[in-house]
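Within every chain, numbering begins at 1; the chains are lettered A, B, ... in the order of the sequence lines, protein sequences first and strands thereafter. Because the structure is a prediction, the values reported are computed rather than measured.
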Amino acid sequence: MIEITGIKKKFGEKEVLKGIDGVFQSGKMNMIIGGSGSGKTVLMKCIVGLLTPEHGHVMYDGRNFHHLKYQQKTKLRQEIGMLFQYSALFDSMTVEENVAFPLKMFTTKSKREISDRVNFCLDRVNLVDVNTKYPDEISGGMRKRVGIARAISLNPKYLFCDEPNSGLDPITAGVIDKLIKEITEEFGTTTVLNTHDMNSVLEHGDNILFLYNGLKEWEGAPDDIKAANNKRLNEFIYANDFIKDMFLNDKGDKKE
Amino acid sequence: MNLFSAFGSYLILLNKTFTRPEKGKVFWQRLLFECNAIGVESLGIVAIISLFIGAVSTINTAYQLVSNLVQKSIIGAIVSDTTILEFSPTIASLVLAGKVGSNIATELGGMRVSEQIDAMEVMGVNSAGFLILPKITASLFVIPCLIIISMGLSIFGGWFIGGVTGAVSPTEFMSGARGTFRTYTFVFAMIKTFTFSFIISSVSAYQGYYAGGSAIEVGRASTRAVVYSSVLILFSDYLLAQLLLD
Ligand SMILES: Nc1ncnc2c1ncn2[C@@H]1O[C@H](COP(=O)(O)OP(=O)(O)OP(=O)(O)O)[C@@H](O)[C@H]1O
Ligand SMILES: [Mg+2]
């Protein structure tokens with residue numbers, strides 16, 4: 001479980017986060033949604049410690065991240081897997097070496113064991129025959145999947161995914177969503193996911209946090225979204241006519 | 001950023017760099033890789049400039065010493081002495097600041113803007129230790145080797161051109177060169193070289209590691225790496241001469 005309280009972050013004069021609270025339960029798909037530029041990535045980076053918030057706490061199962069000593073931080077970070085919005089693969093390494101990197105750095109596994117684990121992870125994200133390719137030789141969607149494979153290679157307790165299925169075709173997007181959900185439930189991972197994708201929010205989300213203008217505008221389960229009487233949330237969700245229709249149909253007040 | 005806070009963050013980065021590597025084996029692999037990238041791949045350019053430096057300084061010196069009163073062997077003495085003392089360590093280091101320095105800054109800057117450094121940090125890897133330590137260590141090891149090679153080639157270039165143009169015969173050149181050789185000159189040149197190697201690798205790494213958010217910024221960081229390390233090389237060249245040659 002991860003708890004954040006009062007997270008504030010600004011860049012120069014610009015206040016991007018103005019005090020965000022939230023609880024991310026383990027074994028659940030915790031989703032952060034919000035418009036482009038609403039601060040989802042910044043919030044995620046504050047939680048994993050890539051950015052230091054001016055104010056607020058981040059607790060990992062009772063451990064206050066920003067108060068930990070260097071050694072303890074390093075230990076905690078080995079329990080974190082993160083997929084970056086633009087994958088952030090190591091471009092001097094092959095796909096295989098990318099996924100093996102955390103294993104090489106933090107385990108005493110043999111070559112054989114590492115290679116087995118790498119293949120297992122690549123297999124889980126439906127990637128075959130790309131082991132020896134370099135990141136610039138594969139497509140953006142494949143890079144994303146390699147990023148996920150790298151993030152899960154150490155079996156993380158906490159998994160962060162910044163827009164895991166943006167830029168993917170709908171089928172692969174579905175596969176990735178399912179995969180993350182499976183991992184979350186199978187290992188009781190605390191998963192935090194930034195997304196724009198309403199399909200994945202409604203289908204896989206357990207707890208949804210809607211960011212607007214640097215604040216948490218709304219929080220709840222997908223089922224509550226329909227009933228939520230929040231203008232901004234509604235605007236955001238119903239921006240897509242198809243989803244709007246689907247929703248309104250569900251509610252029974254069909255237009256036709 | 002003012003000079004003091006820049007120097008402060010440079011020291012902080014060095015401190016982060018020089019912590020014990022988590023995995024010795026990984027470090028050795030990186031070190032070998034960097035020795036190759038920094039050393040072997042700079043061999044060509046260093047060889048070319050060294051041969052020319054030697055050749056040109058022989059011709060220049062012969063031109064300046066037109067008197068019949070001085071022995072021709074003095075040309076060999078002057079060329080080999082200035083080569084060891086100044087030309088090889090300083091000029092070759094300046095060229096390496098251009099080649100190696102911009103390479104290091106571009107590589108690290110590219111990793112910074114594409115968030116690869118962040119990705120390492122999130123995993124709990126000390127990115128400075130992992131990326132920069134092998135570069136600095138390799139530089140301290142291979143750049144001095146390059147400079148020694150440069151000294152040899154430069155003297156050879158002078159010897160050869162002296163003979164070809166008839167400015168000074170090969171035997172006279174060598175007797176002059178031998179007669180003037182002092183161990184202290186060589187030791188001093190090596191002290192300079194180690195200093196320059198450290199400047200090139202650490203200043204460039206600093207510029208790249210803290211490069212701003214875009215590809216343009218990476219280009220700027222690479223330019224700064226070359227400019228700052230060149231200026232610092234010349235500055236410390238002066239300082240060391242003042243301190244150690246008086
Ligand atoms: N390093 C930075 N320096 C200055 N401003 C920044 C920095 N990082 C982010 N911002 C600003 O913070 C705001 C939020 O950015 P962020 O990347 O978190 O948005 P996002 O919600 O992830 O958007 P998207 O859905 O497009 O990825 C933006 O206005 C951005 O300009
Ligand atoms: Mg983002």
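Minimum heavy-atom separation, A:Ala88 to B:Ala119: O-CB, 4.0 Å.
A:Phe160 does not touch chain B: none of its heavy atoms, backbone or side chain, sits under 4.5 Å away. Contact of B:Val125 with chain A is made through backbone and side chain together, with heavy-atom distances under 4.5 Å. For a residue to count as touching a neighbouring chain, one of its non-hydrogen atoms must lie under 4.5 Å from one of that chain's; by this rule A:Leu76 does not touch chain B.
Interatomic distance, B:Met123 CE to A:Phe106 CZ, rounded to the nearest 0.5 Å: 8.0 Å.
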Give every donor-acceptor pair between chain A and chain B closer than 3.5 Å, one pair per line, or write none.
| from | atom 1 | to | atom 2 | distance (Å) |
| --- | --- | --- | --- | --- |
| A:Lys45 | NZ | B:Glu115 | OE2 | 2.5 |
| A:Arg77 | NE | B:Glu121 | O | 3.4 |
| A:Asp91 | N | B:Gln116 | OE1 | 3.2 |
| A:Asp91 | OD2 | B:Gln116 | NE2 | 3.1 |
| A:Lys104 | O | B:Lys23 | NZ | 3.0 |
| A:Thr107 | O | B:Lys23 | NZ | 2.7 |

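In the displayed structure, B:Phe7 atom CZ is contacted under 6.0 Å by at most 12 heavy atoms of other residues, nucleotides or ligands. Counting non-hydrogen atoms of other residues, nucleotides and ligands closer than 6.0 Å to CZ of B:Phe160 gives a total of 12 or fewer. The 12-atom threshold is exceeded at CD1 of B:Ile191, counting heavy atoms of other residues, nucleotides or ligands nearer than 6.0 Å. For A:Phe187, the CZ atom is densely surrounded, since the number of other residues' heavy atoms within 6.0 Å is greater than 12.
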